[in-house]
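Step one of this worksheet: look at the structure below.
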2 protein chains.
Amino acid sequence: MQKIKKKQKFLDILSQKTKTRFLLKKKSEKEIPKRKNSPLFNHVPEIVIQRLPIYIRILTKIQKQGKLQISSNLLGELSGISPGIIRKDLNYFGRFGKQGSGYQVIELKDTLKTILGLDGTWNVGVIGLGKLGDAIASYTGFTNAGFRIVALFDTDEKLHGKKISRITIQSLDELKRSVKTRNIKIAIISTPSNQSQDVANRLIDSGVKCILNYTQSSLKVPKEIILKHVDPISTLQSMAFHLKNYHLNK
Amino acid sequence: MQKIKKKQKFLDILSQKTKTRFLLKKKSEKEIPKRKNSPLFNHVPEIVIQRLPIYIRILTKIQKQGKLQISSNLLGELSGISPGIIRKDLNYFGRFGKQGSGYQVIELKDTLKTILGLDGTWNVGVIGLGKLGDAIASYTGFTNAGFRIVALFDTDEKLHGKKISRITIQSLDELKRSVKTRNIKIAIISTPSNQSQDVANRLIDSGVKCILNYTQSSLKVPKEIILKHVDPISTLQSMAFHLKNYHLNK
DNA sequence: TAGATTGTTAATCGATTAACAATC
DNA sequence: TAGATTGTTAATCGATTAACAATC
C-alpha cells in the first residue's frame, strides 16, 4: 500500500512514455506472483545514487557524438562500472532498456536527471570568498549540471559590494533573508576552517538543507541535513599509501 | 614465507617500541595455531586506507587538547565511525592499543602517518593555474598533511615567470625535467577539462605516479597509475536526489 | 527467425556488527 | 582485584558477480 503510493508519486515525475511502459509492467505483474526483494523506490542504496551522475555524464557525451542507443556493456566500458551493476542500478527506478538494443540515450539521460532532481535548477549560496570561494563562484560548470550560484557571503567587510560573475558579495547578516528570498536549499562552505562550524549553524538556522563542505574541518549537523565533504587532503593521504607501498618498493 | 617477508618489511618502518611489541606477538603465536584470515599487511581494503586520514585528523585534534590516551569508543564518537570498525582497521597493521586504557594518542597518530607514508614530505606539481589552480597552489593546508607544492605549470605563456607562494609558473615544456629534478611523484590537474587527458598523458610520460584530477572529465590512465577524482559536481548531484526525495516531499 | 541485450535471480564476495575472551 | 577496553571471532548485512530466461 505504502509502496504503491510511493511508486505512483515517483512515476508522476517521469515522462509519459516511460510511465506508460511502467504501467504495462504493473499490469502484467498481476499475473505473476509478486517478487520478494523487488527493488522499489524507497531504500535505494547511497552507492547507487552516487553512480547516477556518472551515467548522466557519459550519456551526455554519447549524445553529443550523435549516438541514439547504448548498451549496458558500452556504458560499462566507458564508466569502468560493470554492466550488471548498471542494469541493476537502473532497475531500482524502472525498466528503461529494450532487450536486443539497449537504452535510448536521450531518454535515459533525461530520466536519470529527473530522478536526481536535476530537471530544474537548484539555487546555491557560497560562503567564504577567499581564493577557493572565488574559484567556486567563478566556475561555469555548475550551470549545465543543474545548479546556479545566486548568492555570495563573506565576513570580510572589504569584500561586501564586490561582484563575482555578476553576483554581489553580501554580509552574513543578509544570510537568512537571502536564503528565504532566493529559495536557497544548497550552500557551499569555503571559509577558513575555524569558521566553518559557525557558518554551518547559521546556514541551517536560515533554512539551508544541503551543505557541501570545502573546508578541512568536519562538521556536526542534525541528521536531517544533507552534508558532504570535499576533502582533497584525505584523498591525497590515502593515495600516498599506495604510492609508498605498491609503487616505490617494487 | 612471502607473508613474513612483507610483515618484516612493514615493521622496519614502525617505531622500535611498536616493533618490540609486535615481535612479542609473533613469539607467542608460535604456541597457538595460526589463525585463518588473520589480517596482514597485504590486501588492506581500500575503504580501510581511506579511513586512516580521518583517524589522523582526530588524533591531531585530540593531541592539541592535551589528551594522551583515547579509546576506540571516543574515537568512534568523534569520527562517526563505529568503534568496532576502528579497532579492526587498526589491527590490519598491528596491535597498537592497550586493554583497559585504549590507544596512546601521539604514538598512534605517528604510526598511522608512517603507515600512510606521511612521515616525510611528498613533492607535488600543479598543472593549470586558473582560479582553481591558484587556490590550490596558495592553499597552506598541504604542508601539515605531508605534501609540498614545488612546481607549477600552465600552457598560457602570459603566466610563465609569475609566482604563486614563491613558486614560479613554468611552461609544460619544463614538465619532464622538473618532475625528475624535483622528484615529483604526485600531480594535481586543474586545467580546463578539455586539456586534462593530454596533461595526464604528459605527466605519466614524465614519471608521475599519482594524479589528483580536479577537472570535470574522467581520465584514462594505465592501471599502475594511482588516480582519484575530486568531483564536486557529482557530489552535488547525488545530494540533490536526497533533497528532492526526502526533504521537499515531506 | 537468429542475434543481441535486458531484467532478474542465485551465488559469491566483502564489509559491518555483535559479542566476548583476553588482558591491561 | 575490579573495571575498562582491546583484539578477534562468528553472525549478519549488503553489494557485486555470474548466469540465463525473457524478449526485443
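Each chain gets a letter, A, B and so on, in the order the sequences are listed, and its residues count up from 1.
Taken residue by residue, residues 50-66 of chain A places no heavy atom nearer than 4.0 Å to DNA chain C.
Closest to the side chain of B/Ile47, out of C/dT6, C/dA15, D/dT8, is C/dA15.
The distance between atom CZ of A/Phe96 and atom C1' of C/dT6, rounded to the nearest whole Å, is 13 Å. Computed from coordinates, the B/Ile86 CD1 to D/dT6 P distance equals 9 Å when rounded to whole Å. Regarding B/Glu77, its CD atom lies at a distance of 12 Å from the P atom of D/dT5, rounded to whole Å. Spacing between atom CD of A/Gln104 and atom C1' of C/dT6 amounts to 13 Å, rounded to whole angstrom units. The separation between B/Lys98 atom NZ and D/dA4 atom P is 18 Å, rounded to whole Å. In this structure, the CD1 atom of B/Ile81 is 13 Å from the C1' atom of C/dA15, given to the nearest Å. Per the geometry, CZ belonging to B/Phe93 stands 18 Å off P belonging to D/dT6, to the nearest Å. A straight line from CG of B/Leu74 to C1' of D/dT6 spans 15 Å, rounded to a whole angstrom.
Side-chain atoms of B/Asn213 come within 3.5 Å of backbone atoms of B/Ser217 as a donor-acceptor pair (strictly under, hydrogens ignored). Not one N or O on the side chain of A/Arg95 forms a donor-acceptor pair closer than 3.5 Å with the backbone of A/Leu90.
Nearest-nucleotide positions on DNA chain D place A/Glu46 closer to the 5' end than the other of A/Gly100 and A/Glu46. Of the two residues near DNA chain D, B/Tyr103 and A/Val48, the one whose nearest nucleotide lies more 5' is B/Tyr103.
Where DNA chain D pairs in unbroken runs of 3 or more (Watson-Crick or G-U, both distances under 3.5 Å), the stems are C:3-24 with D:3-24.
The minimum heavy-atom distance linking B/Ile49 with A/His242 is given by the pair CG2-NE2, 4.4 Å. Contact record, B/Phe147 with A/Ala240: CZ-CB, 4.3 Å, taken as the closest heavy-atom pair. Taking all atoms of both residues into account, the shortest heavy-atom contact from A/Gln216 to A/Ile233 is OE1-CG1, 4.2 Å. Residue B/Val208 comes nearest to B/Ile184 through the heavy atom pair CG2-O, 3.9 Å, listed as atom of the first residue, atom of the second, then distance. Across all non-hydrogen atoms, the minimal contact from B/Ser72 to B/Arg87 is OG-NH1, 3.0 Å. Of all non-hydrogen atoms in B/Gly117 and A/Lys244, the two that sit nearest each other are CA-CD, 3.3 Å.
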Requested in this report: Carefully, step by step, assess A/Lys228 and A/Glu46 under the rule salt bridge (Lys or Arg N to Asp or Glu O under 4.0 Å).
Outcome: CA-CA 12 Å; A/Lys228 298 218 184 181; A/Glu46 176 63 21; 2.8 Å; yes
Query raised in the report: salt bridge (Lys or Arg N to Asp or Glu O under 4.0 Å) between B/Asp89 and B/Arg51: does it pass, once the steps are laid out?
Result: CA-CA 8 Å; B/Asp89 282 357; B/Arg51 281 191 292 254; 2.6 Å; yes
**Report entry** Audit row: A/Lys109, A/Gln63, side chain to side chain donor-acceptor pair (under 3.5 Å) steps and yes/no
**Finding:** CA-CA 9 Å; A/Lys109 190 198 73 173; A/Gln63 184 185 354; 2.8 Å; yes
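Within 4.0 Å of A/Pro45, counting heavy atoms only, lie sugar-phosphate atoms of the nucleic acid but no base atom.
Put simply, B/Arg95 has no side-chain N or O that comes within less than 4.0 Å of OP1 or OP2 on C/dT23. Distances shown here put every side-chain N or O of A/Tyr92 at or beyond 4.0 Å from the OP1 or OP2 atom of C/dT8. Residue B/Asn91 has no polar side-chain atom (N or O) positioned under 4.0 Å from OP1 or OP2 of D/dT6.
Exactly one of A/Ile62, A/Thr60, A/Ile58 qualifies for a side chain to side chain contact (heavy atoms under 4.5 Å, CB included) with A/Val105. That residue is A/Ile62.
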Requested in this report: Could you encode protein contacts along nucleotides 17-22 of chain D as a string, one character per nucleotide from 5' to 3', using B for base contact, S for sugar-phosphate-only contact and - for no contact, with a heavy-atom cut-off of under 4.0 Å?
Outcome: B-B--B
